[in-house]
Amino acid sequence: MADTDTVLRVQNITKTFGDLIANDAISFSLKKGKVLSLLGENGAGKTTLMNIIFGHYSADDGYIEIFGNRLSASNPAEAIALGVGMVHQHFTLADNLTVLENVILGTEPLWKWKQDKSAGRRRLRELSEEFGLHVDPDADIKSLTVGEKQRVEILKALYRGAKILILDEPTAVLTPQESDQLFDTLRDMLARGLSVIFISHKLGEVMAIADDIVVLRHGKLVANFPIAEASREIIAEKMVGEAVPQPERQVMEKGAELLCLDTVSVQDAAGQKILKSVSFNLNQHQIIGIAGVSGNGQKPFSDLISGMCKPTSGSVSLSGEIVSVFEPQKMVESGIGRVPEDRHVQGVVGDFSVEENMILESYMTPRFSKLGWLQRKNVSDHAKALIKAFDIRGAGPETIVRGLSGGNMQKVILARVLENNPEIILANQPTRGLDVGAATFVHEQLFEARKGGAGVILISEDLEELLAVSDQIAVMYHGQLSKLMPVEGVTQQQLGLLMSGEGFATQKETKHNAA
Amino acid sequence: MDFFDMFLNVGFWAATVRMATPLIFGTLGELICERAGILNLGIEGIMTTGAMVAWMWVYQGGDLWTAVLVAALFGMLFGYLHSIFSVYMGLSQHVTGIGITLLATSLSYYSFRMLLPGVTTPPKIIPFQPLPIPLLSDIPVIGEAFFTQSPLTYLAFVLVGVVAYILYRTPVGLAVRMVGENPMAVEVQGIDVYKVRTGAVMVGSAFMAVGGAFLTISVFDAFYFDMINGRGWICVALVIFASWRPGKALLGAVLFAAFDAIQIRVQQSSASFIPYQFFLMMPYVFSILALIIMSRKAAYPKALLVPFRRGQR
């Protein structure tokens, strides 16, 4: 095993957090000029392992060797000195400082009377040129797009002379086009002898760029093989532990109209138009997917439909009747079921029990309260029935929701929403952060509801999900909504172009709107 | 006396600069802490401690400049204590800071009583004497107002420039600013967040203590209980007024001191039908108004009050 090509060796790494074994005796190695892709569901221990390599955490057992040097200090300074660079999943940039300042921090001794910014700027420009990572050194981080911020993160690593680059879910926030660009850059780096550890759960990307694949499940290494021996099916099976049959979308005749938005605009508190003249129809037996990079109007769109904000112009009608009162309670009563974007913030009350969370939208009905007193028995029976029906694992009626896994927490929300048989289901990022098994369950439930006559609006950033589940797809960009397109014949590339603004109203018109 | 004559009066300007001095030290100190993301509400107590130990040092026969150093040292000590709680343990900075103020104030009074039992009138020392700056002090009016001050006053003004330079032009200043914006961004560059924050809090606290010392070994010649009298809290407000910028901090401190100086003079000269408390209130009313106007667009250091914990999920 002692060949000179090995740049990084992970040997028997074990790490526990309390009772949770995040990494269980993991060993693998990375070779020069290669891409090792680390795969696994959420919570499989990928990020923990990378944080150990970069020195954020110290391992309980085992060791890491970089270019033959064993890590001992377990702090990022040591890893950086040995040539490791890491692009974290959540950017580690200071927003109010410039690109240059973010990059050069830590590259010179702290106690120096003069900071050599011009030398830093020159070096940064050279690196940008060399790797095609264009970004203005003197721009404030907060003025950059997500893609540009990621370039800064990569530049930070290159500036420190990284030979091994760790990328933690780098494409999660990028459009397909930006991802392609990132891959070009990575191929450039590989050609120059850098090595890459690439963390992802998007199989398509992994197949496109990886040389070797390591799969983690529940903290254990379950597979380690070259890409030539892999297929999507094998990898998926290794990640989940068993083959998960994907539910098939059945073609269905659409029924009566449920929801109609007619040239609806919404303004925020500052008077900015955040939803611009959106028109949209949803019918029975229909799943409509809304794609788009987050922050392009998905929030006001779903807030509007769930009654949390009201239109400044245009009209919203439910089953043909124009809505005049926009209140969450009213919308729930009119048959809208909402699976909110951030389940921790808007979905559940973390410190409440499962049974309490399950009646959050119906606690005032006679079934659960009489004369102002909660009917404990009904509340508890209700929860028990739903726990069984939705296969919520590891929970009883009185379990505190905060302690549940993401998948089970989402099931609590789904159970609450779906048991009322809503006519319209508004699912905003319902599978974000869920493992394949839980995501499949969510999709099955949406299909089930659609079969029963409901219309579903699925807002997601995961294009693969949208293409698999939706009947029709539209893209949001800067508060505008594209035309609905039948999913047959739509490609990821087309969606990607729309997501980056191509085909939307011209700049001139948007400026006019904003003014 | 005519109201506007006051502004031509040398005494008025000299008093403004003098009264601004402890505020400059305190505001700079608080600003350094907050730039690193740590609110230091220990300031009121740390100023009290500085005032007490510096005076006691001189009273026991020590030299004036050494007294300044001793005050700074005690400031750093309490700054370190604040860091243990707020930086390393990540506890509430509000609660810890107020705790430090209570502790430092009480310890100062207690030590004063223990060291000088049975003293009724506060004993006096020989404080810093005004140090006229050659040539500049000969300029009429201006010379007397601005260049015939205590050496500590000159030090305060110089430190404004020094702090600004270090914050914006040196690597360590960048580390301090960045750790107050996003500690993780500092950690991933291989710099120890705890050390940067602790260092900033200790240096900032030293500034505060020297601000307190100025009162006992420069303006007055004795230590009184309650002599800090809320100056620390004013500094906390001035930092917001200054939008965390040293230059604006100087402006704020001088402005507040000017209101205070006006207040004293108007109080002495006006008709007696206006209660004097009204004039006492004036500087605070003005500072609240200024705060409301200035802090609307204030950009807080983003990680202010946010504890950073290494190696945790």
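These numbers come from the heavy atoms of this one structure, side chains and all, not from hydrogens, waters or symmetry mates. Proteins get letters first, then strands, A, B, ... in listed order; numbering begins at 1 in each.
The backbone N or O of A:Val103 sits less than 3.5 Å from a side-chain atom of B:Gln189, completing a donor-acceptor pair. Checked by atom type and distance alone, the side chain of B:Tyr165 pairs as donor or acceptor with a backbone atom of A:Trp113 at under 3.5 Å.
Counted within 6.0 Å of CZ on B:Phe74, heavy atoms from surrounding residues, nucleotides or ligands total 12 or fewer; the atom is thus considered open. For A:Lys112, the NZ atom sits in a packed shell: over 12 heavy atoms of surrounding residues, nucleotides or ligands are nearer than 6.0 Å. In B:Tyr80, the OH atom is not crowded: 12 or fewer heavy atoms of neighbouring residues, nucleotides or ligands sit closer than 6.0 Å. Counted within 6.0 Å of CG on B:Leu69, heavy atoms from surrounding residues, nucleotides or ligands total more than 12; the atom is thus considered enclosed. Atom CZ of A:Arg160 is surrounded by more than 12 heavy atoms from other residues, nucleotides or ligands within 6.0 Å. Heavy atoms of other residues, nucleotides or ligands lying less than 6.0 angstrom from CG of B:Leu289 number more than 12. Atom OH of B:Tyr300 is surrounded by 12 or fewer heavy atoms from other residues, nucleotides or ligands within 6.0 Å. Enclosure of atom NZ in A:Lys220 is not indicated, since only 12 or fewer non-hydrogen atoms of other residues, nucleotides or ligands lie within 6.0 angstrom.
A:Asp95 has its side chain within reach of B:Lys302: a pair of non-hydrogen atoms, C-beta onward, lies under 4.5 Å apart. Looking at B:Arg310 and A:Ser58, their side chains never come closer than 4.5 Å, going by heavy atoms from C-beta outward. Between A:Glu101 and B:Arg177, the closest side-chain pair of non-hydrogen atoms falls below 4.5 Å. Contact annotation: the side chain of A:Lys156 approaches that of B:Val188 to within less than 4.5 Å [non-hydrogen atoms, C-beta and beyond]. Under the 4.5 Å side-chain criterion, counting only non-hydrogen atoms from C-beta, A:Leu97 is not in contact with B:Asn182.
Atom CG of B:Leu174 sits about 5.0 Å away from atom CD of A:Gln115, to the nearest 0.5 Å. Atoms CD1 and CD, from A:Ile141 and B:Glu181 in turn, are 11.0 Å apart once rounded to the nearest 0.5 Å.
The greatest number of non-hydrogen atom pairs below 4.5 Å with chain B, out of A:Ile52, A:Ile80, A:Thr47, is found for A:Ile80. The residue among A:Ala94, A:Gly106, A:Ala157, A:Gly55 with the most heavy atom pairs within less than 4.5 Å of chain B is A:Ala94.
Looking at A:Asn51, there are no atoms closer than 4.5 Å to chain B (heavy atoms on both sides), in backbone or side chain. Of the atoms belonging to A:His88, it is side-chain heavy atoms, and not backbone ones, that fall under 4.5 Å from chain B. Within the 4.5 angstrom heavy-atom criterion, only backbone atoms of A:Ser74 (N, CA, C, O) approach chain B. Interface residue A:Leu105: backbone and side-chain heavy atoms are both found under 4.5 Å from chain B. For a residue to count as touching a neighbouring chain, one of its non-hydrogen atoms must lie under 4.5 Å from one of that chain's; by this rule B:Val186 touches chain A with backbone and side chain alike. Residue contact with chain B, scored on non-hydrogen atoms closer than 4.5 Å, involves the backbone of A:Phe91 exclusively.
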For this session: Given side chain to side chain contact (heavy atoms under 4.5 Å, CB included), test A:Leu110 with B:Ile191 step by step and report yes or no.
Result: CA-CA 9 Å; A:Leu110 281 184; B:Ile191 294 174; 4.1 Å; yes
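The nearest pair of heavy atoms linking A:Ala77 to B:Gly190 is CB-O, 3.3 Å.
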